[in-house]
Amino acid sequence: PGVSFDDVVQSMNLRANQLNFKHVGENLMYKDFQAVLNDKDAPRIEVHSYCDIAVGRELLKISPEFVVFLPCRIVVMEDGDKNIWVLMMDWDMTWLDLAGQQIGMTPELRQGVLEIRMKMEEVMRASANGEI
């Protein structure tokens, strides 16, 4: 509450930059709703993509299937009441404890994956608080 949509997005991108978490794309879905569907009442929804290039590359070396999770996405959206939400798919990283060694994941790569999760949460919290 009290933080504008644009401030949320700006805060998110600034915090990601501070964490060396590269902003690699954005999908302004609401503009497509307006242009393609002529839905002028569509809530504002933006999907922002971020990546830790080094961790992503190492993951793909051991399991190309990880590409479906890359890059990491954070969504900023308005609901029907114009409340702003910041969302991401929250990976349950406990699978790393079971599968990590079986697929050849090094302790360093495991730590890198865990740090991505922490970075995403920090980016989301900064954006929700409007920390510009």
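Sequential numbering from 1 along the given sequence is applied to the chain's residues. Worth knowing before you read on, the calculation uses all heavy atoms, side chains too, and leaves out hydrogens, waters and symmetry mates.
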**OP:** Could you give me the CA-CA distance, side-chain angles and deciding distance for Phe33 and Lys40, then say whether side-chain contact (heavy atoms from CB on, under 4.5 Å) is met?
**Re:** CA-CA 8 Å; Phe33 296 151; Lys40 304 301 181 199; over 6 Å; no

**OP:** Would you please test Tyr30 and Asp32 for side-chain contact (heavy atoms from CB on, under 4.5 Å) and show each step?
**Re:** CA-CA 5 Å; Tyr30 75 101; Asp32 288 330; over 6 Å; no

**OP:** Show your reasoning for whether side-chain contact (heavy atoms from CB on, under 4.5 Å) applies to Phe5 and Val76.
**Re:** CA-CA 8 Å; Phe5 198 103; Val76 182; 3.4 Å; yes

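A salt bridge links Lys61 to Glu58: at least one charged side-chain nitrogen sits closer than 4.0 Å to a carboxylate oxygen. Between Arg44 and Asp79, none of the side-chain N atoms (NZ, or NE/NH1/NH2) sits under 4.0 Å from a carboxylate O, so this pair counts as no salt bridge. Salt-bridge annotation for Asp52 and Lys119: present, with a side-chain N of the basic residue lying under 4.0 Å from a carboxylate O of the acidic one.
Partners of Asp7 by side-chain hydrogen bond (donor to acceptor under 3.5 Å, both in side chains), not counting sequence neighbours, listed by chain and number: Ser4. Every residue meeting the salt bridge (charged side-chain N to carboxylate O under 4.0 Å, His left out) condition with Glu131, not counting sequence neighbours, appears here in chain and number order: Arg15. Take Arg73 and apply the salt bridge (charged side-chain N to carboxylate O under 4.0 Å, His left out) test, not counting sequence neighbours, and it matches no residue.
Just one of Val8, Val123, Val9 meets the side-chain contact (heavy atoms from CB on, under 4.5 Å) condition when paired with Val86; it is Val8.
Under a hydrophobic clustering in which Ile, Leu, Val, Met, Phe, Trp and Tyr are joined whenever their side-chain heavy atoms come within less than 4.5 Å, directly or via other members, Phe69 and Leu59 fall into the same cluster. Under the 4.5 Å side-chain heavy-atom criterion for Ile, Leu, Val, Met, Phe, Trp and Tyr, Ile53 and Val67 are members of distinct hydrophobic clusters. Note on Phe21: it does not cluster hydrophobically with Met118, by side-chain heavy-atom contacts below 4.5 Å among ILVMFWY residues. One hydrophobic cluster holds both Ile84 and Val3 under the rule that ILVMFWY side chains link at heavy-atom gaps under 4.5 Å. A continuous path of Ile, Leu, Val, Met, Phe, Trp and Tyr side chains, each step under 4.5 Å between heavy atoms, connects Met12 with Met89, placing both in one hydrophobic cluster.
Here the closest non-hydrogen pair linking Ser11 and Ser127 is CB-CA, 3.7 Å. Closest heavy-atom contact between Ala42 and Asp39: N-OD1, 3.1 Å.
Contact annotation: the side chain of Ile116 approaches that of Cys72 to within less than 4.5 Å [non-hydrogen atoms, C-beta and beyond]. Under the 4.5 Å side-chain criterion, counting only non-hydrogen atoms from C-beta, Glu122 is in contact with Leu19. Looking at heavy atoms from C-beta onward, Val113 lies in side-chain contact with Val55 at the 4.5 angstrom threshold. With a 4.5 Å cut-off on side-chain heavy atoms, Met77 and Leu87 count as touching. Within the 4.5 Å cutoff, the side chain of Glu46 has no heavy atoms near those of the Val75 side chain.
A donor-acceptor pair is defined here as one N or O able to donate and one able to accept, closer than 3.5 Å; no such pair exists between the side chain of Ser63 and the backbone of Leu60.
A donor and an acceptor atom, one from each side chain of Asn17 and Tyr50, are nowhere located under 3.5 Å apart.
Here CG of Leu14 is found 5.5 Å from CD of Gln10. Values are rounded to the nearest 0.5 Å. Once rounded to the nearest 0.5 Å, the distance linking CD1 of Ile74 with NE2 of His48 reads 9.5 Å.
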